[in-house]
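Whatever order the structure lists ligands and atoms in, that order sets their numbers, starting from 1. Counting begins at 1 with the first residue of the sequence. As a basis for the values below, the full set of heavy atoms in this structure was taken, side chains included, without hydrogen atoms, waters or symmetry mates.
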Amino acid sequence: MSEQTRFILNESDLPKFWYNINADSPVLPAPVLHPGTMEPVTPDFLSVLFPMDLILQEISTERYIEIPEEVREIYKLYRPTPLLRARRLEKALDTPAHIYYKNESVSPAGSHKPNTAIAQAFYNKKSGTKALTTETGAGQWGSALALACNFFGLDLEVYMIRVSYNQKPYRRILMETYGAQVYASPTDRTNYGRSVLAESPDNPGSLGIAISEAVEAAATSNGAKKYSLGSVLNHVLLHQTVIGEEALKQMDMANEYPDVVISCVGGGSNFSGIAYPFLRENLKNGKRTRLLAVEPSAAPSLTKGVYTFDYGDTARMAPIVKMHTLGHDFIPAAIHAGGLRYHGMAPSLSALYDAGHIEAIAVQQKATFEAAIQFAKAEGILPAPESAHAIRATIDEALDAKAKGEKRVILFNLSGHGHFDLAAYETYLSGQLEDYEYSAEAVQASLAKLPEVNISA
Ligand SMILES: Cc1ncc(COP(=O)(O)O)c(C=O)c1O
């Protein structure tokens, strides 16, 4: 076994195709429904929000979809990303496990999110879109899309959850530096935002409300603006599969194959990005890698949610999908992993979890930051609070391997760095960070408002 630490691919190894799990998934995706009629949506309805190329990817069952050359050119700014063996963490844990991580924090915006932002901006530009609207929680997605829109000369309106807007000015400034306009949601710019403010003028905002505002801004623009989403949808998960395709080659360079692949889940995009190419190997080539999704205890949609049809947003304007959900108006506690505070989960991932192809666990905030700091001290990289959920689970796997005296090969996705999340680290270091259990009563109340759908699925 070599003592190599970094496994680096050449630019020529940059994937030429995205991998579409819907070609191989043993579970058929349920139809996406119109939020008004509750009937399956038509491409016409979706075309108000998305360009046709992305709608076709959303419903495609083709196994491989070619990555346009224009997108690959921009990917080259940071891809292929490095794979590292966390030798120093292994030593600190005194574990026989081998720990590898794919470092997606090296993108210019600091996370995996540009992998889809660049593709979405490209297809919008190609179809003549002039401006995009989107929402952002902690700001990782907003900065990724601001970066991408800047490269393709598109305007961008970002609805940023008010509490993050106030607490994280540096993410807002990064978005503005790339040229985006950023608004604290709820805003007085949309009917829905005004209605929320009329009821609760100090509303701190939520991802569900911000999605509603961004969707309304696009849907009422007479075609001038389209909407862009950073997770959950099939085409977003598709674009993220460059992570897993590269990781497969890099594990090969390391002469190992993972027993378990671990990633955090908010809407499911970075998990699917690394895990789906390994799931293909499980389904088609007899591999038996465990795929472990890690969510926060404050928003445990997979482990505590219900698998059913629900709205994607609070105002019930976005399409209805079948997913693991805590209810569309459930507002998770204000944990620092803002990107994991979503009530639902990607439909393809929900279906695969329901069918037993994927495992999931929920972890608490304090234990997550403890793991983040252990990782930062051992490996030097300060992880995003979201990514630290994967690190918590990785350390627990490595300690379990140690307890059982097993050599276990663990691969996790480091989805982003935490350089804009230092206030969260300060809260932890000063002993003020709290754990939050989700409220089962609040979830029950929210689930009582699920849409009544007459589709058997
Ligand atoms: C660094 C990072 N990791 C993970 C996530 C969770 O999103 P997803 O589940 O779509 O990967 C986010 C979302 O904002 C993020 O910023």
Using side-chain hydrogen bond (donor to acceptor under 3.5 Å, both in side chains), reason through Y19 and D24 one step at a time and then give a plain yes or no.
CA-CA 10 Å; Y19 169 58; D24 293 321; 2.6 Å; yes

Any chance the side chains of Q120 and T116 put a donor and an acceptor closer than 3.5 Å?
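Q120 vs T116: donor-acceptor pair found between side chains.
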
Return the orientation label for the [X] and [Y] ring planes: parallel under 30°, perpendicular over 60°, tilted otherwise.
X	Y	value
H324	Y353	perpendicular
Y78	Y75	perpendicular
H328	H343	perpendicular

Contact table, ligand 1 N/O with protein N/O, distance under 3.5 Å:
unit_1, atom_1, unit_2, atom_2, d
ligand 1, 3 (N), S415, OG, 2.7
ligand 1, 7 (O), K113, NZ, 3.3
ligand 1, 9 (O), G266, N, 2.7
ligand 1, 9 (O), G267, N, 3.1
ligand 1, 9 (O), G268, N, 2.8
ligand 1, 9 (O), S269, N, 3.4
ligand 1, 10 (O), K113, NZ, 3.3
ligand 1, 10 (O), S231, OG, 2.5
ligand 1, 10 (O), S269, N, 3.0
ligand 1, 10 (O), S269, OG, 2.7
ligand 1, 11 (O), H112, NE2, 3.0
ligand 1, 11 (O), S269, OG, 3.2
ligand 1, 11 (O), N270, N, 2.8
ligand 1, 11 (O), N270, ND2, 2.8

For the ring pair H235 and F50, is the centre-to-centre distance below 6.0 Å?
yes

